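Just so it is clear, the structure is predicted and the values come from calculations on it, not from any experiment. Residue numbering restarts at 1 for every chain, and letters A, B, ... go by the order of the sequence lines.
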There are 2 protein chains.
Amino acid sequence: MLEVTEKLRQNNLKVTPQRIAIYNALCESRSHLSAESIYNYLRESYPTISLATVYKTLSTFIDTGLIQELNTSDGISKYDIVNDPHPHFVCNICKTLYDLPELKSMENVRNEIKDSTNFEIITEQIFLYGICDKCNEV
Amino acid sequence: MLEVTEKLRQNNLKVTPQRIAIYNALCESRSHLSAESIYNYLRESYPTISLATVYKTLSTFIDTGLIQELNTSDGISKYDIVNDPHPHFVCNICKTLYDLPELKSMENVRNEIKDSTNFEIITEQIFLYGICDKCNEV
DNA sequence: CTGCGTGCAAAACGTTTGCAACTTG
DNA sequence: CAAGTTGCAAACGTTTTGCACGCAG
């Protein structure tokens, strides 16, 4: 993976400590972070960072295609580094957002969509809703 | 399609004029309605209906599986009668939400997901983001 | 007649904005 | 030094809540 600094430069974004920290937080986190959770996480190392900066930075990253916003039924946006596309699973009970493995059959879906519309597709998001293992046990 | 009244009774919901009107509005509309647009639309025939009732009713319908909430990047929830599953397209520019035709290849995706996880899948949502025809012309 | 549904107003929530001070290149 | 970024506080718009009244079963 490219150095963060490099990624920012490539997109004509000024390299600031806040941007590096936010990007790294998203890379390092195994879970899907909200703006608020990024903010709380970064406050330990960057006590003066503001929530507004987090939102503005995330918005910038979305515009440049570095990250993706995931909008699910709990009304809180989560953010995901754009790497290999993969579907997501949302538990209707605990609202946890899980990554699912990349699907081979998505290639067919993409082709079928390309044939059925002349819209220009940039990104794709697949959400499966249901009950996760943990909540099913209870 | 079943009579609205019947659908409500089946789900142990009291049959009220508001519920019937909201359900019908969602059935009849060719576009994807937000709570606000349902409210504005219904005010013509039900001048005393309140936005809170619309929200509460939608929430009830979601819980009983009659409708689905579509959360896209514009931050305004849209609601869709749960019929045949089909993908959606969201224009990054005008934010319009389009229906795409049902995809044959989705069956493979469903199967692949079933094989790769033991989460219990209840509903699925596919969103394609990009630029729509109208915005591409400009 | 009992419990659920409605409507109003107020509150809550995540997110966005305006602006002055400060950094980056 | 110019242009873009930050942080604060206030504003915004959607959605939720509490509560008294009303209607469905």
Nucleotide interval of DNA chain C bounded by contacts with chain A (heavy-atom cut-off, under 4.0 Å) =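 In short, chain A contacts DNA chain C from C:dG14 to C:dG25.
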Without decimals, in angstroms, what is the distance between [X] [atom1] and [N] [atom2]?
X	N	atom1	atom2	value
A:I76	D:dT14	CD1	P	18 Å
B:L8	D:dC23	CG	P	19 Å
A:Y39	D:dC8	OH	C1'	10 Å
A:N12	D:dA3	CG	C1'	13 Å
B:K14	D:dG22	NZ	P	15 Å
B:I62	D:dT15	CD1	P	10 Å

Validation row: [X], [Y] side chains within 4.5 angstrom (heavy atoms):
X	Y	result
B:I81	B:Y23	yes
A:E36	A:I76	no
A:T96	A:C132	no
A:I38	A:L58	yes

Excluding sequence neighbours, so at least two apart, what forms side chain to side chain contact (heavy atoms under 4.5 Å, CB included) with B:K114?
->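 Here the qualifying residues are B:N111.
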Could you tell me which residues satisfy side chain to side chain contact (heavy atoms under 4.5 Å, CB included) with A:V15, sequence neighbours excluded, listed by chain and number?
->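 Testing A:V15 for side chain to side chain contact (heavy atoms under 4.5 Å, CB included), a comparison that skips the adjacent residues, returns A:T5, A:L8, A:R9, A:I20.
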With sequence neighbours left out, write down each residue that passes side-chain hydrogen bond (donor to acceptor under 3.5 Å, both in side chains) with [X], or none if nothing qualifies.
X	answer
A:N71	A:S77
B:S50	B:T53
A:K56	none
B:E112	A:S105

Kindly state which residues belonging to residues 90-99 of chain A come within less than 4.0 angstrom of DNA chain C, counting heavy atoms of the residue only, listed by number.
->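 DNA chain C contact set from residues 90-99 of chain A: none.
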Contact list for DNA chain C against residues 44-61 of chain B - heavy-atom distance below 4.0 Å |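 Within this stretch, B:T48, B:I49, B:S50, B:A52, B:T53, B:K56, B:T57 sit under 4.0 Å of the strand.
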For residues 121-129 of chain A, which side-chain N or O atoms pair as donor and acceptor with protein atoms under 3.5 Å away, sequence neighbours left out?
{"from": "A:E124", "atom 1": "OE1", "to": "A:R110", "atom 2": "NE", "distance (Å)": "2.7"}
{"from": "A:E124", "atom 1": "OE2", "to": "A:R110", "atom 2": "NE", "distance (Å)": "3.3"}
{"from": "A:E124", "atom 1": "OE2", "to": "A:R110", "atom 2": "NH2", "distance (Å)": "2.8"}
{"from": "A:Q125", "atom 1": "NE2", "to": "A:E69", "atom 2": "O", "distance (Å)": "2.9"}
{"from": "A:Y129", "atom 1": "OH", "to": "A:S73", "atom 2": "N", "distance (Å)": "3.4"}

Could you say whether A:Y79 or A:R9 is positioned toward the 5' end of DNA chain C, judged by the nucleotide with the nearest heavy atom to each?
->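 Looking at DNA chain C, the more 5' nearest nucleotide goes with A:Y79.
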Pair listing, ring pair (Phe, Tyr, Trp, His ring centres under 6.0 Å) test, anchored in residues 32-59 of chain A, at least two apart |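 Passing the test, one end in residues 32-59 of chain A: A:H32-A:H88.
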Return the angle between end axes of the helix from C:dC1-D:dG25 to C:dG25-D:dC1, with five pairs used per end and rounding to 10°.
->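 For the helix from C:dC1-D:dG25 to C:dG25-D:dC1, the axes at opposite ends meet at about 50°.
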Remember a base hit wins even if backbone is also touched, and classify A:Q18 as base, sugar-phosphate or nothing at under 4.0 Å, heavy atoms.
->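 Sugar-phosphate, no base atom in range.
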Does atom NZ of A:K134 have more than 12 heavy-atom neighbours, drawn from other residues, nucleotides or ligands, at distances under 6.0 Å?
->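 At most 12 heavy atoms, drawn from other residues, nucleotides or ligands, come within 6.0 Å of this atom.
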